[in-house]
Amino acid sequence: MNLSNSPSKLNWRLIFVHFIATWFIYHALWQFSYLSDYPLLEKIGHLDYTGSGKETVQRMSMLTVMTVVFRFAGIFIGFGISLWLSLKNKWNWINSVIVLLISSACFFLDRFYYSSIRFIFDLPGRVFKSDWDIIVTNGLIMLIIGMVIFLMDRSINYINKSNIKKAPIKGKGKRK
């Protein structure tokens, strides 16, 4: 492998755009994970702690596991779409791996900073009164935004701009 050509294969525009799209898909699936035990979520939301404590602890543990599984799924779905687009558009696949690594590092370090901007993405769902409607609306909107960022022609053109190499300028006059 020729190491001198490796940095030229990195496409920072692709990494940036695909990371943002993966971020939206990650958070969409995180929203959907709460639907895995919606009755428990509704119970917690209404401060209803009736029933067996052991059963509630077990259900809370399963809900926590499901949120982690869905979040991982969001990262891997984003990686899969990024890899598919990279292969389809003849971009280097290593860029998709970098998106996966950055997304995974942010996940493990819990540095997606969702809590600081959550109110923006929760606004559309606040129209509804039901928690289920709020979760589904917010999740669908984030999923749609992520997919649009991945598949939009404008994003693809933006990524391709960094791959255009300018032809060398030849002399303007004729030789005599």
Side-chain angles (χ1 to χ4, degrees), residues 1-38 41 61-125 132 134-168:
M1 184 172 124
N2 188 357
L3 292 177
S4 63
N5 289 338
S6 294
S8 66
K9 294 182 182 201
L10 291 180
N11 187 334
W12 295 108
R13 290 177 184 227
L14 181 145
I15 293 167
F16 175 72
V17 169
H18 285 195
F19 174 75
I20 297 298
T22 300
W23 186 91
F24 277 103
I25 291 174
Y26 168 89
H27 287 292
L29 289 180
W30 189 0
Q31 288 278 325
F32 293 143
S33 71
Y34 294 122
L35 298 176
S36 64
D37 194 353
Y38 180 71
L41 192 66
S61 298
M62 277 310 296
L63 184 62
T64 304
V65 168
M66 290 308 293
T67 59
V68 171
V69 167
F70 273 70
R71 290 162 70 185
F72 267 123
I75 290 173
F76 284 113
I77 289 170
F79 168 68
I81 295 169
S82 177
L83 185 62
W84 173 70
L85 287 171
S86 293
L87 296 175
K88 178 183 171 203
N89 292 307
K90 295 183 172 95
W91 299 322
N92 194 345
W93 59 271
I94 199 73
N95 296 303
S96 298
V97 173
I98 292 172
V99 170
L100 173 68
L101 294 175
I102 292 171
S103 299
S104 298
C106 288
F107 170 74
F108 286 115
L109 297 173
D110 198 24
R111 295 291 176 221
F112 274 118
Y113 295 106
Y114 183 62
S115 58
S116 57
I117 59 171
R118 182 181 185 137
F119 68 93
I120 296 169
F121 297 107
D122 284 351
L123 280 177
W132 192 89
I134 292 170
I135 291 169
V136 170
T137 302
N138 294 338
L140 282 175
I141 288 173
M142 284 191 275
L143 185 63
I144 289 168
I145 290 171
M147 293 304 293
V148 165
I149 291 172
F150 266 129
L151 302 173
M152 190 170 56
D153 286 338
R154 183 173 278 173
S155 296
I156 293 170
N157 291 337
Y158 175 74
I159 292 167
N160 280 331
K161 278 184 186 176
S162 64
N163 290 337
I164 298 172
K165 297 190 178 180
K166 295 180 181 177

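- Put simply, CD1 on Ile156 and CG on Asn89 are 5.0 Å apart, with the number rounded to the nearest 0.5 Å.
- In this structure, CD1 on Ile20 lies 8.0 Å from CH2 on Trp23, to the nearest 0.5 angstrom.
- Atom CG of Asn138 sits about 12.0 Å away from atom OH of Tyr34, to the nearest 0.5 Å.
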**Prompt:** Where do Phe16 and Ile159 land on the side chain to side chain contact (heavy atoms under 4.5 Å, CB included) test, with the steps shown first?
**Reply:** CA-CA 9 Å; Phe16 175 72; Ile159 292 167; over 6 Å; no

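- Note: Asp37 CG to Thr64 OG1 = 10.5 Å, rounded to the nearest 0.5 Å.
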Original post:
Between Leu35 and Trp132, does a side chain to side chain contact (heavy atoms under 4.5 Å, CB included) hold up when you go through it step by step?
Top reply: CA-CA 7 Å; Leu35 298 176; Trp132 192 89; 3.3 Å; yes

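- For the residue pair Ile149 and Ala21, the shortest heavy atom distance occurs at CG2-CB, 3.7 Å.
- For Phe72, the side chain to side chain contact (heavy atoms under 4.5 Å, CB included) partners two or more places apart in sequence, or in a different chain, are Val68, Phe76, Phe107, Phe108.
- No donor-acceptor distance shorter than 3.5 angstrom exists from the side chain of Asn95 to the backbone of Leu14, with no hydrogens or angles considered.
- Rounding to the nearest 0.5 Å gives a distance of 8.0 Å between OG1 of Thr22 and CZ of Phe19.
- Leu85 places a side-chain heavy atom less than 4.5 Å from the side chain of Leu151.
- Looking at every heavy atom in both residues, Gly146 comes nearest to Ile25 through CA-CG1, 4.3 Å.
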Evaluate the criterion side chain to side chain donor-acceptor pair (under 3.5 Å) for residue pair Ser33 and Thr67; output intermediate values, then yes/no.
-> CA-CA 5 Å; Ser33 71; Thr67 59; 5.0 Å; no

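- For Phe150, the ring pair (Phe, Tyr, Trp, His ring centres under 6.0 Å) test picks out His18, with sequence neighbours left out.
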Go through it in stages, so that I can follow the logic: the residues are Ile144 and Phe24, the test is side chain to side chain contact (heavy atoms under 4.5 Å, CB included), and I'd like the CA-CA distance, side-chain angles, deciding distance and then a yes or no. CA-CA 8 Å; Ile144 289 168; Phe24 277 103; over 6 Å; no

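- Arg13 contributes a side-chain N or O that, together with a main-chain N or O of Tyr158, makes up a donor-acceptor pair within less than 3.5 Å.
- Atom OG1 of Thr137 is separated from atom CD of Gln31 by 10.0 Å, given to the nearest 0.5 angstrom.
- Between the side chain of Asn92 and the backbone N or O of Ile94 there is at least one donor-acceptor pair closer than 3.5 Å.
- Looking only at distances, a side-chain donor or acceptor of Ser96 sits under 3.5 Å from a matching main-chain atom of Ser82.
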